[in-house]
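See structure below.
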Amino acid sequence: MTKHPDPEWIAVATDPVGPGGRLQAVDGDGTPVSAAEPVADLASAIAEREARLGPRWVWAATDDLYPRLLDRMPVRLARCHDLKLVEALLLGHEGGHGQPRSLGGAWARLRGLPVPDDPRDGGADGQPSLFAADRHQLPPDVDQLTAVVAVHADQRRRISAVERPERVRLLCAAESAGALAAVEMARDGLPWSAAVHDALLTELLGPRPAGGVRPERLERLAARFQEAIGRPVNPDSPAQVLSAFARVGVSLPSTRNHVLKEAGHPAAAILLRYKELSRIHSAHGWAWREQWVREGRFRPEYVVGGVVSGRWATRGGGALQIPRLLRSAVVADPGHRLVVADAGQLEPRVLAAMSGDRGLCAAAAGGDMYADLARTAFDGDRGRAKIGLLAAMYGQTSGEAGQLLAVLRRRFPAAMALVEKAARVGEAGGVVRSRLGRTSPRPADLWPGGDEEAEGTLRAARAWGRFTRNFTIQASAADWALAVLAALRRRLAALGGEPRLVFFQHDEVIVHTPVELSEAVAAAVAESAREASRLVFGDTPVRFPLETSVVECYADAK
DNA sequence: AAACGAGGCGCC
DNA sequence: AAAGGGCGCCTCGTTT
């Protein structure tokens with residue numbers, strides 16, 4: 001009899017109803033190394049094994065299971081393998097973007113059965129379901145644990161079969177760690193001071209009006225605008241605004257801010273102020289707070305993998321667009337601090353590291369890439385250096401960007417070759433991959449073929465080329481950010497678990513921590529950045545600095 | 001009444 | 001000559 005070492009992986013299935021479930025240890029290939037074990041209380045069984053064995057938990061979907069576990073156990077789990085998220089990554093890698101990634105979908109594909117639609121991916125009703133089998137789209141006669149074990153083994157095999165398995169393995173681990181962090185962040189919430197928020201709104205808009213009418217300040221601005229333009233127009237209606245301006249002899253292509261700024265009519269300035277304040281009122285005003293802030297915490301729901309590039313999306317409250325103006329309402333609890341860390345110039349640094357371009361790498365070895373580039377290639381003009389580099393990564397060629405690109409092509413040929421190759425691949429309908437192997441979708445439905453007008457097709461191809469050009473950079477930046485998040489989450493747990501990740505947005509994290517741990521957290525942030533850079537980009541001269549401030553209020557972070 | 005696209009703007 | 005990536009969410013105004 002061989003004695004197995006402590007299992008590194010444990011597969012998890014939930015009972016259809018009630019708190020119980022079943023567990024089964026598997027090895028690194030996904031092969032079972034123990035019999036399935038029923039447990040009466042899944043949460044306590046998992047907590048006990050987490051403390052004793054520290055395995056990687058394998059389950060159908062973190063966003064489904066982990067919140068229910070956290071309701072009933074105090075322990076946060078260190079590691080997991082999220083079958084749904086990994087399935088999405090692998091399907092993308094294999095060219096099957098958009099196929100159902102639920103446990104049931106993966107199982108059906110594995111067994112050559114008809115693949116059920118995912119809930120919310122179109123088809124099903126989108127309502128949360130009481131039964132695990134329904135949630136995972138698994139046929140009623142299939143045992144959930146059997147499916148978890150089989151799909152996991154299949155995924156491990158598929159990961160090993162890709163061109164750079166070690167990178168995809170890292171991507172899957174980071175994506176899964178992100179799923180744990182996302183659930184925890186939604187529960188902890190971002191500290192939000194209703195008092196500060198209220199004072200700010202009152203100062204900007206006037207006192208809160210009763211019964212949902214327009215605040216006094218907006219009312220006055222609307223009246224002044226109507227007076228200045230000479231007609232009773234609704235300032236919220238672009239169509240009415242345009243025709244009103246036309247009647248006073250000002251012809252505008254749109255009512256966008258930059259257009260109004262150049263309009264040269266006194267009503268335009270009033271309208272700009274109205275729009276600025278009106279937006280705050282509607283998007284982040286009193287009604288927003290009542291809906292999204294409870295007990296001093298703003299609790300958005302994070303959607304891991306919600307963006308094809310690997311960036312997260314959010315559901316509810318618009319968490320990824322907290323206006324700068326309102327950041328003073330994000331205030332640490334008494335005796336606590338916010339450690340705010342922001343990756344400076346992340347995307348151009350990613351471009352440097354991925355291309356290995358000598359000149360760009362040299363600039364990215366320092367603290368301010370744009371300043372360095374300005375010195376070496378743009379006659380000291382930092383603004384032009386920045387515009388040029390952004391244009392290269394976004395595919396902009398209009399205006400002054402065109403000339404700047406010529407400079408970039410001459411001075412940084414390897415970097416420009418990378419983005420231009422990515423664009424050509426996209427224009428031809430191909431896919432590109434991030435550093436860790438996240439794959440762009442195919443341009444489905446872009447070329448319906450037939451007698452489509454050639455010019456329209458060309459424009460669509462160009463647009464898709466801009467998308468793949470940017471995907472290469474944006475998705476690799478997201479790889480890095482996710483690796484930072486995973487490393488930081490682990491390091492914060494090692495600090496005792498009291499410091500909490502409370503915000504994550506593309507290239508920025510916020511940790512809420514007892515004041516006495518704030519320096520340790522700041523150190524953990526810096527370590528995490530170094531660790532992620534090494535893991536994702538290996539041996540590179542490029543630095544990926546995370547600028548960190550320890551503050552009581554988000555607005556004070558520089 | 002609800003659903004939808006367009007126009008617009010905030011964040012990265 | 002022109003050609004700018006990714007989101008979420010608000011309002012308007014039309015369609016269903």
Side-chain angles (χ1 to χ4, degrees), chain A residues 214 218 222 233-243 252-261 271-272 274-285 287-288 291-292 300-303 305-327 342-348 350-351 386-402 404-405 419 422-423 426-427 432 434 438 440-441 455-456 458-478 480-481 503-509 554:
Chain A
R214 206 150 48 177
L218 287 177
V233 292
N234 177 359
D236 289 323
S237 167
Q240 288 183 32
V241 167
L242 283 186
S243 68
L252 301 174
S254 75
T255 62
R256 294 187 193 182
N257 284 339
H258 66 93
V259 171
L260 288 173
K261 269 180 200 133
L271 181 58
L272 279 167
Y274 172 88
K275 282 165 58 132
E276 184 186 6
L277 295 180
S278 171
R279 184 176 165 83
I280 288 172
H281 177 241
S282 64
H284 286 94
W288 172 86
Q291 188 174 0
W292 298 108
E301 188 181 346
Y302 292 91
V303 185
V307 183
V308 287
S309 67
R311 283 182 170 185
W312 291 8
T314 58
R315 247 194 308 265
L320 299 186
Q321 44 179 123
I322 300 173
R324 291 186 171 279
L325 201 57
L326 291 186
R327 292 184 182 181
D342 186 326
Q345 306 168 344
L346 177 56
E347 296 194 343
V350 166
L351 173 58
K386 181 174 178 176
I387 289 170
L389 215 43
L390 289 175
M393 293 186 296
Y394 288 164
Q396 181 188 8
T397 51
S398 66
E400 75 170 322
L404 301 177
L405 287 183
V419 289
E427 285 169 13
V432 295
S434 74
R438 195 184 302 267
S440 69
E455 201 173 313
L458 183 61
R459 198 166 58 233
R462 289 267 164 78
W464 200 258
R466 285 191 296 277
F467 169 66
T468 49
R469 171 196 293 259
N470 185 251
F471 182 98
T472 307
I473 306 299
Q474 187 186 112
S476 301
W480 180 85
F503 189 66
F504 173 57
Q505 181 203 37
H506 313 322
D507 60 0
E508 181 175 12
V509 294
Y554 188 17

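In what follows, chains are A, B, ... by sequence order, proteins preceding strands, each numbered from 1. Because only heavy atoms are used, hydrogens play no part in the values below, and waters and symmetry mates are left out as well, while side chains stay in.
Between A/Phe503 atom CZ and A/Ile322 atom CD1 the span is 4.0 Å, to the nearest 0.5 Å. The distance from atom CH2 of A/Trp480 to atom CG of A/Asp507, rounded to the nearest 0.5 Å, is 8.0 Å. The distance from atom CD of A/Gln474 to atom OG of A/Ser440, rounded to the nearest 0.5 Å, is 12.0 Å.
Among the atoms of the strands shown, only primed sugar atoms or phosphate atoms (P, OP1, OP2) are found under 4.0 Å from some heavy atom of A/Arg324. When heavy atoms are screened at a 4.0 angstrom cut-off, A/Leu346 is found touching no nucleic acid atom at all.
Going from atom CG of A/Asn257 over to atom C1' of B/dG10 covers 10 Å, rounded to whole Å. For the pair A/Trp312 CH2 and B/dC12 P, the interatomic distance rounds to 17 Å; values are reported in whole Å. When rounded to the nearest whole Å, the span between CZ of A/Phe504 and C1' of B/dC11 equals 14 Å. The distance between atom CZ of A/Arg327 and atom C1' of B/dG10, rounded to the nearest whole Å, is 10 Å. If you measure from atom OH of A/Tyr302 to atom P of B/dC11, you get 16 Å, rounded to the nearest angstrom. Rounding to whole angstrom units, OH of residue A/Tyr274 and C1' of B/dC9 are separated by 14 Å. Atom CZ of A/Arg256 is separated from atom P of B/dC9 by 7 Å (rounded to the nearest Å). Between A/Leu389 atom CG and C/dG4 atom P there is a gap of 18 Å when expressed in whole angstrom units.
Distance noted for atom P between C/dG4 and B/dC12: 22 Å (whole Å). With both ends at atom C1', the span from B/dC9 to C/dA2 equals 25 Å, rounded to whole Å.
The shortest distance between side-chain heavy atoms of A/Thr472 and A/Val419 does not fall below 4.5 Å. When side chains are defined from C-beta on, A/His284 does not count as touching A/Leu325, because their heavy atoms never get closer than 4.5 Å.
Phosphate proximity of C/dG5 to A/Arg466: present, with a side-chain N or O under 4.0 Å from OP1 or OP2. For the OP1/OP2 pair of B/dC9 and a distance below 4.0 Å, the side-chain nitrogens and oxygens of A/Lys275 include at least one atom meeting the criterion. Put simply, A/Ser254 has no side-chain N or O that comes within less than 4.0 Å of OP1 or OP2 on B/dG7.
In this structure, the aromatic ring of A/Tyr394 is positioned over the six-membered ring of the base of C/dG5, centres within 5.5 Å and planes within 30°.
With sequence neighbours left out, the ring pair (Phe, Tyr, Trp, His ring centres under 6.0 Å) criterion links A/Phe467 to A/Trp464, A/Phe471.
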Nucleotide-resolved protein contact map, nucleotides 6-16 of chain C, B/S/- at heavy-atom distance under 4.0 Å
BSBSSSSS---
Stepwise side chain to side chain contact (heavy atoms under 4.5 Å, CB included) test for A/Asp236 and A/Tyr274:
CA-CA 9 Å; A/Asp236 289 323; A/Tyr274 172 88; 3.1 Å; yes
